[in-house]
Amino acid sequence: GTGPTLLFTDSAGDSFSGPNLNMYRDSSSVNNDDILGSLNWQGNNNNAEIVSYASLRSSIVSKTDGSEDGRLFFGVLASGTHTTMASITGTGLGIGTTSPDDLLHLKGTDATLLVEDAGSNSNPAVEIKNDAVHWKLQARGGDSDNFRIAEGSNIHTVIDTSGNVGIGTTSPGTNLHISDDSTGLI
């Protein structure tokens, strides 16, 4: 840009250092939920009023010695109201919540998780893995856009684009097509 620039440089040759900016709140009476500092991005609206369009803010979650926790808020202006869109705490990333209960916590009215692969005949997926098993929920662009549930390389269930469900088969021919090739029994 052409505006004022704040530049920090460090000529150290190692990969373990670099320029630092420390924002320190020096208070003898800190409390949980105290704001430690903010970065705000501001500009004028069409009435020449200064408006904060986005912010990054840090606060104390717990000040208890030995178990201190912090929170980082990501805020934006949405329809004229400053809204915290995401927050990071020691427990995880919250989108739509400032207190995530897990590594990723989505919260909202009609909350939806969208996984989109923009490539042609792409294969977007959600994977669930533990120490023993690796499940995959996937839309298969290269397989007539069928939806499938697989464990490792074993495809257990397929739903084709006409709504046919296949269990034990990757080509369901009816509304519910169940196949067990190993025994011939259903």
Side-chain angles (χ1 to χ4, degrees), residues 1-119 122-139 149 151-152:
T2 58
T5 300
L6 177 62
L7 174 65
F8 296 92
T9 60
D10 182 348
S11 59
D14 65 55
S15 62
F16 301 105
S17 65
N20 295 296
L21 171 63
N22 294 316
M23 298 171 66
Y24 174 67
R25 180 173 176 183
D26 189 9
S27 173
S28 60
S29 61
V30 293
N31 292 298
N32 294 345
D33 298 320
D34 279 1
I35 301 297
L36 296 174
S38 299
L39 293 174
N40 296 294
W41 287 265
Q42 298 178 327
N44 289 342
N45 65 11
N46 64 342
N47 274 341
E49 300 165 324
I50 297 173
V51 175
S52 290
Y53 286 94
S55 67
L56 185 60
R57 188 176 77 231
S58 175
S59 73
I60 297 170
V61 174
S62 173
K63 65 177 184 169
T64 305
D65 186 26
S67 61
E68 297 92 338
D69 286 314
R71 180 178 290 124
L72 190 60
F73 298 98
F74 296 84
V76 296
L77 196 65
S79 299
T81 302
H82 189 274
T83 304
T84 299
M85 293 301 296
S87 66
I88 299 174
T89 68
T91 56
L93 169 63
I95 299 176
T97 179
T98 58
S99 300
D101 293 328
D102 219 318
L103 289 175
L104 176 60
H105 182 162
L106 307 177
K107 183 178 181 179
T109 305
D110 298 323
T112 300
L113 174 64
L114 174 63
V115 177
E116 180 177 0
D117 187 330
S122 59
N123 302 304
V126 173
E127 299 187 28
I128 303 167
K129 182 179 180 180
N130 66 14
D131 63 333
V133 69
H134 186 166
W135 286 94
K136 185 182 286 187
L137 310 174
Q138 186 173 42
I149 300 172
E151 180 267 316

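Please read all numbers here as calculations on a predicted model, not as lab measurements.
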Residues that [X] engages under side-chain contact (heavy atoms from CB on, under 4.5 Å), provided they are two or more places apart:
X: N47; result: N45, E49
X: P4; result: none
X: N46; result: none
X: T9; result: L7

Compile the donor-acceptor pairs under 3.5 Å between side chains in residues 104-116 and protein atoms, sequence neighbours left out, one pair per line.
residue: H105; atom: ND1; partner: D101; partner atom: N; Å: 3.0
residue: T112; atom: OG1; partner: D110; partner atom: O; Å: 3.2

Check your understanding: Does one side chain, of S52 or Q42, offer a donor that lies under 3.5 Å from an acceptor on the other?
Key -> yes
Check your understanding: Using a distance-only test with no angle check, is there a side-chain donor-acceptor pair under 3.5 angstrom linking E127 and H134?
Key -> yes
Study note, to complete from the structure: Contacts of W135 meeting ring pair (Phe, Tyr, Trp, His ring centres under 6.0 Å) (sequence neighbours excluded), chain-then-number -> H156
Point to revise | Distance (rounded to the nearest 0.5 Å) between R71 CZ and L36 CG | key: 11.5 Å
Please report the closest heavy-atom contact between [X] and [Y], naming both atoms and the distance.
X: V30; Y: K63; result: O-NZ, 2.9 Å
X: S67; Y: S62; result: O-OG, 3.7 Å
X: P124; Y: Q138; result: O-CG, 3.3 Å

**Study point:** V76 and F74, any side-chain heavy atoms less than 4.5 Å apart
**Key:** no
Exercise for review: Report yes if some heavy atom in the side chain of V61 is under 4.5 Å from a heavy atom in the side chain of E68; otherwise report no.
Suggested key: no
Using atom types as modelled, flag every donor-acceptor pair under 3.5 Å from a side chain in residues 87-98 to any protein atom, sequence neighbours excluded.
residue: S87; atom: OG; partner: T97; partner atom: O; Å: 3.1
residue: S87; atom: OG; partner: T98; partner atom: O; Å: 3.3
residue: T89; atom: OG1; partner: T91; partner atom: N; Å: 3.1
residue: T89; atom: OG1; partner: T91; partner atom: OG1; Å: 2.8
residue: T91; atom: OG1; partner: P100; partner atom: O; Å: 2.8
residue: T97; atom: OG1; partner: S99; partner atom: N; Å: 3.2

Exercise for review: Might you work through the side-chain contact (heavy atoms from CB on, under 4.5 Å) test for L77 and V51, ending with a clear yes or no?
Suggested key: CA-CA 9 Å; L77 196 65; V51 175; 3.3 Å; yes
Study note, to complete from the structure: Contacts of D34 meeting side chain to side chain donor-acceptor pair (under 3.5 Å) (sequence neighbours excluded), chain-then-number -> none
Could you pull out all donor-acceptor pairs under 3.5 Å where a side-chain atom in residues 53-60 meets a protein atom, sequence neighbours excluded?
residue: Y53; atom: OH; partner: N44; partner atom: O; Å: 3.4
residue: S55; atom: OG; partner: H82; partner atom: NE2; Å: 2.8

